[in-house]
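Take a look at the structure below.
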4 protein chains.
Amino acid sequence: MTKKREIQSSVKDESLIEKRREQMIRGAVTLFKEKGFHRTTTREIAKAAGFSIGTLYEYIRTKEDVLYLVCDSIYDEVNMRLGRLDLEKGSIESLVKALEQYYTLIDEMQDEFVVMYQESKSLPKDALRYVLTKEMEMTKLFERLLANCVASGELSLKPKEIVLASHHLFVQGQMWAFRRWAMNDYTIQEFIEMQTKFLLQGMAGEKITIQGA
Amino acid sequence: MTKKREIQSSVKDESLIEKRREQMIRGAVTLFKEKGFHRTTTREIAKAAGFSIGTLYEYIRTKEDVLYLVCDSIYDEVNMRLGRLDLEKGSIESLVKALEQYYTLIDEMQDEFVVMYQESKSLPKDALRYVLTKEMEMTKLFERLLANCVASGELSLKPKEIVLASHHLFVQGQMWAFRRWAMNDYTIQEFIEMQTKFLLQGMAGEKITIQGA
Amino acid sequence: MTKKREIQSSVKDESLIEKRREQMIRGAVTLFKEKGFHRTTTREIAKAAGFSIGTLYEYIRTKEDVLYLVCDSIYDEVNMRLGRLDLEKGSIESLVKALEQYYTLIDEMQDEFVVMYQESKSLPKDALRYVLTKEMEMTKLFERLLANCVASGELSLKPKEIVLASHHLFVQGQMWAFRRWAMNDYTIQEFIEMQTKFLLQGMAGEKITIQGA
Amino acid sequence: MTKKREIQSSVKDESLIEKRREQMIRGAVTLFKEKGFHRTTTREIAKAAGFSIGTLYEYIRTKEDVLYLVCDSIYDEVNMRLGRLDLEKGSIESLVKALEQYYTLIDEMQDEFVVMYQESKSLPKDALRYVLTKEMEMTKLFERLLANCVASGELSLKPKEIVLASHHLFVQGQMWAFRRWAMNDYTIQEFIEMQTKFLLQGMAGEKITIQGA
DNA sequence: CATGAATGAGACTTCATTCAT
DNA sequence: GATGAATGAAGTCTCATTCAT
């Protein structure tokens with residue numbers, strides 16, 4: 001796992017730091033979603049977090065730190081929630097489960113995902129690198145799942161196809177967050193079912209009956 | 001076709017307006033790609049366009065106008081290049097052609113696409129609406145293609161599946177522009193072939209031999 | 001002569017730059033004298049110069065630039081006014097003239113000198129180096145005068161004494177500016193006469209009749 | 001002797017006050033020397049003193065108090081060290097001794113002197129007055145020495161010359177602290193000898209052999 | 001039509017000081 | 001007495017926009 005970038009704080013009490021940063025992340029996500037990183041002022045972030053501008057800067061050093069904290073916390077939650085997946089089973093069934101988990105996650109953290117992908121380009125260089133690494137770790141997760149399915153013979157994909165397919169799965173999830181304005185006719189359940197069908201068929205090359213669809 | 005938003009200019013000569021705006025769009029795309037809309041200053045845009053800040057403001061009224069002009073010009077080019085497609089044929093073959101055209105287009109206009117999707121959220125409300133409309137028109141294009149394939153019996157999709165699938169096709173194209181950092185191992189040709197295979201199989205549910213693959 | 005540090009300006013018209021900078025130097029000197037560099041705000045400088053804060057920053061990049069400009073302009077004036085001195089004559093008489101010129105200069109530019117010496121420590125590193133160089137050039141001027149007097153036999157000083165003596169002369173001039181609060185009982189004429197007497201006797205080691213004393 | 005300005009403290013224990021203030025003066029001098037009064041933060045002072053910002057404010061009321069305390073403690077030490085001088089003797093010899101003491105003092109307290117003269121302008125009005133008074137007391141010390149030499153016939157100076165000469169002596173000492181960057185070629189011993197020679201000759205008007213030179 | 005100097009609102013950030021623990 | 005988290009006034013600097021030339 002990549003090591004976290006440390007964000008300096010002039011406050012010493014670690015648990016307080018965590019608490020305050022959580023407050024400010026929560027406020028920031030809402031604001032960034034609404035107006036974007038650049039149109040959001042540090043004062044607004046402080047206010048949304050429930051403390052003064054001075055206090056905000058006790059816990060970060062620059063506005064970009066807030067963005068980094070937001071992105072980082074999203075990955076933490078993603079990791080936590082996707083961490084339970086059994087990657088090793090190598091069955092289509094577990095792949096389906098993973099997709100379901102992933103799409104559900106995106107549905108529940110829609111705002112966070114949109115913010116992260118829209119604004120991460122505003123991160124300072126090294127923070128951007130860190131975030132990209134995290135992103136690759138997520139894609140790798142799908143790669144492992146697919147590779148195991150291939151190993152167990154449940155899928156038949158060339159190595160290069162595995163990689164591309166993992167991006168493919170990944171990106172279809174983002175769609176639910178980014179093109180929500182076009183998804184009004186679908187429930188998340190429908191979306192998951194239909195996407196899963198498309199994706200599995202795409203890779204399998206034959207009709208497959210999906211459990212629960 | 002949706003009517004264009006008019007951008008006010010204090011210059012009368014229409015052909016001059018067009019020329020100047022083209023200059024400034026070309027400069028702006030490069031800059032926006034590099035630093036994003038917010039980090040790019042109007043002075044920089046003017047300079048990149050080859051004229052003074054004063055002149056810039058003879059042809060637009062606000063900085064956001066530049067962004068709109070950029071987005072609009074991208075759609076114009078997309079339209080022009082995708083306009084030749086024969087949507088009515090209703091064959092898998094024409095669908096494959098369309099995908100090829102579309103992915104090639106994205107490859108060639110990568111910067112423009114990235115800018116448009118990254119920055120369009122900064123457009124004023126009505127411009128955003130206009131851009132979204134344009135976007136929907138593009139998706140509809142795939143919908144028509146798919147619907148015709150269904151009508152001709154070459155594909156079998158429920159109406160709701162057609163809509164989702166068209167987004168599916170659409171989004172996979174964006175991937176080439178947005179996840180380029182992860183696509184170094186693929187040529188655009190490989191990418192097109194593999195994606196086409198995944199997508200068609202996903203919709204068809206059977207192995208399909210793609211011409212040229 | 002040491003090459004000037006260039007201060008960036010986004011304005012192109014060189015003569016305008018000169019004019020505006022002169023305005024701002026004039027205002028800044030008064031303010032710095034009154035409240036010191038740090039207690040003076042950029043807004044105050046702009047106001048004193050007669051234009052807006054935005055305009056101020058068209059002609060400089062940082063507040064420290066103003067300080068540098070102040071120091072530089074002082075040296076320019078000093079150079080201009082001391083430049084006429086005949087350094088080569090090697091007579092006590094010309095040394096006396098030089099002291100008179102120098103002390104008169106300090107009297108007339110008292111505020112400027114105080115500001116320069118009090119605040120130059122706030123200059124950025126390279127500007128500070130530049131200012132120190134200028135300062136050394138001034139001391140060197142006295143060194144040359146003294147060396148010539150030694151060469152012509154009018155004074156008898158060892159090399160090391162020449163150097164120290166030149167600082168000695170230099171520093172006694174600063175006194176008129178810096179300890180003005182203790183100099184109320186003296187006119188500048190008296191001051192010059194008495195100092196000249198002290199200094200020359202100090203170096204000559206005998207009673208000397210000074211012309212005009 | 002001028003009465004000290006009282007600096008309020010919310011702590012009662014006088015010996016503790018003294019101890020804490022000494023700690024903070026020591027830290028502050030270093031910091032002020034390095035970065036100047038304005039660029040030094042109260043937090044830094046507290047840290048350098050070895051306690052917290054809260055504690056710092058138990059012993060002073062404003063940041064300027066620290067500067068005053070620094071200046072005051074310097075004068076205390078100066079007084080202590082120069083207090084032993086025999087001012088009444090009225091001999092050149094005792095004058096030479098005094099100069100030696102004074103220049104040695106400046107050499108040993110170089111940082112302190114620089115800080116005091118560079119930063120005292122930032123003192124609040126009444127503190128500034130107090131410091132100036134102290135300064136005048138020091139000059140008066142030289143005045144007394146000179147006057148006694150005149151009285152005893154060892155020097156021949158008019159009253160007004162005595163005053164100016166005392167400033168002259170005083171300022172030459174500051175030179176060692178302020179122009180240290182130009183004094184690398186001299187040891188403090190050389191400096192004292194040469195300066196003493198210049199100064200005495202300046203006042204005496206004849207060659208004088210200095211004991212120990 | 002073209003230019004570019006001028007403007008000032010507003011952004012980010014610092015830091016002296018307070019006060020509850 | 002000691003601590004350090006909280007505060008917010010105030011400072012520096014940027015940049016979209018205007019308008020006289």
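Naming: A, B, ... by sequence-line order, numbering from 1 per chain.
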Worksheet, complete the sentence: Writing each nucleotide of DNA chain E 5' to 3' as (, ), [, ], | or . by Watson-Crick or G-U pairing under 3.5 Å yields .||||||||||||||||||||
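- Looking at residues 33-56 of chain A, you'll see Arg43(A), Phe51(A), Ser52(A), Ile53(A), Gly54(A), Thr55(A) sit with a heavy atom under 4.0 Å from some atom of DNA chain F.
- Closest-nucleotide positions on DNA chain E for Thr62(D) and Glu58(B) were compared, and the one nearer the 5' end corresponds to Glu58(B).
- Taking the charged nitrogens against the carboxylate oxygens, Arg21(B) and Asp72(B) have no contact shorter than 4.0 Å, which rules out a salt bridge.
- Among the nucleotides dT17(E), dA5(F), dA6(E), the one closest to any side-chain atom of Asp13(A) is dA5(F).
- Between Tyr57(A) and the phosphate of dT14(E), there is no side-chain N or O to OP1/OP2 separation shorter than 4.0 Å.
- When only modelled atom types and interatomic distance are considered, Arg20(A) and Gln23(A) share a side-chain donor-acceptor pair under 3.5 Å.
- Within a 6.0 Å radius of NZ in Lys33(C), other residues, nucleotides and ligands contribute more than 12 heavy atoms.
- The cationic group of Arg5(D) lies under 6.0 Å from the six-membered ring centre of Tyr68(D) and within 45° of the ring axis, placing it in a cation-pi geometry.
- In this structure, Lys63(C) is positioned above the aromatic face of Phe37(C), its NZ or CZ under 6.0 Å from the six-membered ring centre and within 45° of the axis.
- Note: CD1 (Ile60(A)) to P (dA5(F)) measures 16 Å, nearest angstrom.
- Using modelled atom types, one finds no donor on one side chain facing an acceptor on the other under 3.5 Å when comparing Glu112(A) with Tyr75(A).
- A salt bridge does not link Lys19(B) to Asp13(B): none of the charged nitrogens lies less than 4.0 Å from a carboxylate oxygen.
- Between Lys121(C) and Glu64(C) there is no salt bridge, since no side-chain N of the basic residue sits under 4.0 Å from a carboxylate O of the acidic one.
- Taking for each of Glu64(C) and Tyr59(A) the nucleotide of DNA chain F with the nearest heavy atom, the 5'-most of the two is the partner of Tyr59(A).
- Of the two residues contacting DNA chain F, namely Lys12(D) and Lys63(B), the nearest-nucleotide position lying further toward the 5' end is that of Lys12(D).
- Applying the 4.0 Å criterion to OP1 and OP2 of dT18(E), one finds that Arg61(D) has every side-chain N and O outside that range.
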